[in-house]
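Numbering of residues begins at 1 and proceeds along the displayed sequence.
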Amino acid sequence: MDFQLSDDQRALRSGMRDLLGAVFDRDRMRAAVERGGGVDRGLWRELGAAGFFALRLPEEAGGVGLGLPEAVLLFEEAGRALLPGPLVATHLAAGRVKGAAEGEAVVTAAEGGGRPVADLGGADAVLVGGGAGALAGEGLKVLAGEELEAFVAGAVPVRSMDPLTPLHRVEGCSVGAGASKGRWEGAGAPEAYPGALRREGALLTAAEQLGSAARTTEMALQHAGSREQFGSLIGSFQAVKHLCADMLARTEPARSAVYAAAVTGDPVEIAAAKLLADEAAVRNARDCLQIHGGMGFTWEADVHLHLKRAWLRAARWLTAAEAEEVLAADLDPVRPLYSGSAALG
């Protein structure tokens, strides 16, 4: 079986990179930082027109008709570009919330478990789990209109580590009625959605983390290849070489795990992919910052934005502790190496 990307998949990824380079270049990203984040409606519609949100909807429903592996490629590019907004929630809401597929509606998610809600102020709808009025067979409820207004009225803004992602905390938010089924059941994770939807959210977030990890690796290599110290490029120093090598050694296994989980859809493989991608994104951003030295700590450099977003994503959909519980629950019972009288003697 060939797991290499097809020509169509490569073209899809390249096209999304070109699009994001045109509609969300560094100047626009920095402008978004200065205004405190939030969703740019024009950008959202551009993404909708490109099929970003409707990618997995059937063609007869106005979508592109592709699958989770292709969605992972697009979200990887979004992670590289530090694209802000509730991309995952709006993508998952396509076909469920009117206007989400076209980029006309911004949809965020209340994950429960005391986690803050991202981009609530500019949202047209909020996905919550279970409860009365849930969509049939999905255990999922969409808050809009007066329900959304009441939900927002009870929200309190909280300081976000990521300047591109405004956060609100909703006290007493009762999500979690829709328990997952299958191999995630009983793993100890607070469930806000049906299992399949939550798993897809975790995988797409892992793809964003992968894109960020790859981008910070490139940034580190570019800086190491151009910055001189003591008359030599810093990339010639063994300590810097080791940091760059470690970054690549974290990124590529995470890439394999994310791509494989997108093909299989296996809950345990998705948990492993999220765990590896979170580690790669956070640790690569920290190593990239170290390679940049004092400049890496400045507001003008972009390294700190990748680190802050990586920290934020690591706490979304499936945390490291929850992923570890999923993996541990899948292990076979431990059996003694020896049995019988020989083990006692």
A.B. asks: Give a yes or no on whether the backbone of R10 and the side-chain of S14 come within a donor-acceptor separation of less than 3.5 Å.
C.D. replies: no

A.B. asks: Which atom pair, heavy atoms only, marks the closest approach of C288 to A220?
C.D. replies: SG-N, 3.9 Å

A.B. asks: Roughly how far, to the nearest 0.5 Å, is the CG atom of L203 from the CD atom of Q209?
C.D. replies: 12.0 Å

A.B. asks: Evaluate the criterion side-chain contact (heavy atoms from CB on, under 4.5 Å) for residue pair E59 and V64; output intermediate values, then yes/no.
C.D. replies: CA-CA 5 Å; E59 294 184 27; V64 183; over 6 Å; no

A.B. asks: Keeping T217 on the side-chain end and A213 on the backbone end, is there a donor-acceptor pair under 3.5 Å?
C.D. replies: yes

A.B. asks: Give a yes or no on whether the backbone of S6 and the side-chain of Q9 come within a donor-acceptor separation of less than 3.5 Å.
C.D. replies: yes

A.B. asks: Check whether more than 12 heavy atoms from other residues, nucleotides or ligands sit under 6.0 Å from atom CZ of R169, and answer yes or no.
C.D. replies: yes

A.B. asks: Provide the full list of ring pair (Phe, Tyr, Trp, His ring centres under 6.0 Å) pairs with a residue in residues 242-291, sequence neighbours left out, each pair given once.
C.D. replies: none

A.B. asks: Drop me the distance from L47's CG to L83's CG, to the nearest 0.5 angstrom.
C.D. replies: 5.5 Å

A.B. asks: Once rounded to the nearest 0.5 Å, what's the spacing between atom CG of L5 and atom CD of E70?
C.D. replies: 9.5 Å

A.B. asks: If you look at every heavy atom in Q290 and L243, which pair is closest and at what distance?
C.D. replies: CD-CD1, 4.1 Å

A.B. asks: Is any side-chain heavy atom of D25 less than 4.5 Å from a side-chain heavy atom of R28?
C.D. replies: yes

A.B. asks: Any link between V258 and L276 through a network of hydrophobic side chains (Ile, Leu, Val, Met, Phe, Trp, Tyr) touching at under 4.5 Å?
C.D. replies: no

A.B. asks: Taking E111 for the side chain and W317 for the main chain, is one N or O donor matched with an acceptor at less than 3.5 Å?
C.D. replies: yes

A.B. asks: Please evaluate residues V126 and V142 with respect to the criterion side-chain contact (heavy atoms from CB on, under 4.5 Å), reporting the C-alpha separation (whole Å), side-chain torsions for both, the decisive distance (0.1 Å), and the verdict.
C.D. replies: CA-CA 6 Å; V126 177; V142 177; over 6 Å; no

A.B. asks: Do any pairs count as a ring pair (Phe, Tyr, Trp, His ring centres under 6.0 Å) and have a residue in residues 273-294, sequence neighbours left out, and if so which ones?
C.D. replies: H223-H292

A.B. asks: In the single-linkage hydrophobic clustering (I, L, V, M, F, W, Y; side-chain heavy atoms under 4.5 Å), do F53 and V23 co-cluster?
C.D. replies: yes

A.B. asks: List for me each residue that meets side-chain hydrogen bond (donor to acceptor under 3.5 Å, both in side chains) alongside R250, sequence neighbours excluded, and say none if there are none.
C.D. replies: N284, D287

A.B. asks: For the hydrophobic clusters of this structure (ILVMFWY residues joined by side-chain heavy atoms under 4.5 Å, transitively), does one cluster hold both V240 and L248?
C.D. replies: no

A.B. asks: Could you check whether any side-chain heavy atom of E252 comes within less than 4.5 Å of a side-chain heavy atom of R255, counting everything from C-beta outward?
C.D. replies: yes

A.B. asks: If I compare all heavy atoms of A89 with all of L127, which pair ends up nearest, and what's the gap?
C.D. replies: O-CD1, 3.9 Å

A.B. asks: Counting only N and O atoms by type, is there a donor-acceptor contact under 3.5 Å from the side chain of R309 to the main-chain atoms of L82?
C.D. replies: yes

A.B. asks: Who passes side-chain hydrogen bond (donor to acceptor under 3.5 Å, both in side chains) against R30, sequence neighbours left out?
C.D. replies: D302

A.B. asks: Can you list everything that forms a side-chain hydrogen bond (donor to acceptor under 3.5 Å, both in side chains) with S212? Sequence neighbours excluded, please.
C.D. replies: H306

A.B. asks: Using a 4.5 Å cut-off on heavy atoms from C-beta on, say whether the side chain of V326 contacts that of E324.
C.D. replies: no

A.B. asks: If you measure from the Lys or Arg side-chain nitrogens to the Asp or Glu carboxylate oxygens, is any gap between E269 and R199 under 4.0 Å?
C.D. replies: no

A.B. asks: Using the test side-chain contact (heavy atoms from CB on, under 4.5 Å), find all partners of A50 that sit at least two apart in sequence or belong to another chain.
C.D. replies: L19

A.B. asks: Is a side-chain donor or acceptor of R115 paired with a backbone partner of R316 at a separation under 3.5 angstrom?
C.D. replies: no

A.B. asks: Only pairs at least two apart or in different chains count here, so list each side chain to side chain donor-acceptor pair (under 3.5 Å) that has a residue in residues 35-52.
C.D. replies: R41-D124

A.B. asks: side-chain contact (heavy atoms from CB on, under 4.5 Å) with D119: which residues, sequence neighbours excluded?
C.D. replies: V39, P86, T165, P166

A.B. asks: Could you tell me which non-hydrogen atom of A273 sits nearest to which non-hydrogen atom of A261, and how far apart they are?
C.D. replies: CB-CB, 4.2 Å

A.B. asks: Same cluster for L20 and V33 if Ile/Leu/Val/Met/Phe/Trp/Tyr side chains link at under 4.5 Å?
C.D. replies: yes

A.B. asks: Using side-chain hydrogen bond (donor to acceptor under 3.5 Å, both in side chains) as the criterion, list what pairs up with E102, not counting sequence neighbours.
C.D. replies: none

A.B. asks: Please confirm whether the backbone N or O of A206 pairs with a side-chain atom of R313, one donor and one acceptor, at under 3.5 Å?
C.D. replies: no

A.B. asks: Hydrophobic cluster mates of L312, side-chain heavy atoms under 4.5 angstrom, ILVMFWY only, any path?
C.D. replies: V158, L167

A.B. asks: Is it the case that the side chain of K274 and the backbone of L318 share a donor-acceptor pair, with hydrogens and angles ignored and the cut-off at 3.5 Å?
C.D. replies: yes

A.B. asks: Which is it for L204 and L68 under the side-chain contact (heavy atoms from CB on, under 4.5 Å) test, yes or no, and what are the steps along the way?
C.D. replies: CA-CA 9 Å; L204 296 177; L68 198 55; 4.2 Å; yes

A.B. asks: Apply side-chain contact (heavy atoms from CB on, under 4.5 Å) to A100 and list each qualifying residue two or more places apart in sequence or on a separate chain.
C.D. replies: T90, A93, V97, V107

A.B. asks: Does some side-chain heavy atom of R56 sit less than 4.5 Å from a side-chain heavy atom of L66?
C.D. replies: no

A.B. asks: Among the clusters formed by ILVMFWY side chains lying less than 4.5 Å apart, do F52 and M29 turn up in the same one?
C.D. replies: yes

A.B. asks: At their closest point, which heavy atom of A155 faces which heavy atom of V170, and how far apart are they?
C.D. replies: CB-CG2, 3.8 Å

A.B. asks: Find the distance between CG (L73) and CG (D8) and round it off to the nearest 0.5 Å.
C.D. replies: 11.5 Å

A.B. asks: Mind jotting down which residue pairs meet the ring pair (Phe, Tyr, Trp, His ring centres under 6.0 Å) criterion with at least one end in residues 82-117? Sequence neighbours excluded, please.
C.D. replies: F75-H91

A.B. asks: Measuring from R215:CZ to R80:CZ, what's the distance to the nearest 0.5 Å?
C.D. replies: 6.0 Å

A.B. asks: Atom CG in D246, atom NZ in K241: separation rounded to 0.5 Å?
C.D. replies: 14.0 Å

A.B. asks: K308 and P163: which non-hydrogen atoms are nearest, and at how many Å?
C.D. replies: CD-CD, 4.1 Å

A.B. asks: Are the charged groups of E322 and R198 less than 4.0 angstrom apart, N to O?
C.D. replies: yes

A.B. asks: Any side-chain to backbone donor/acceptor pair from R286 onto V282? Under 3.5 Å, distance only.
C.D. replies: no

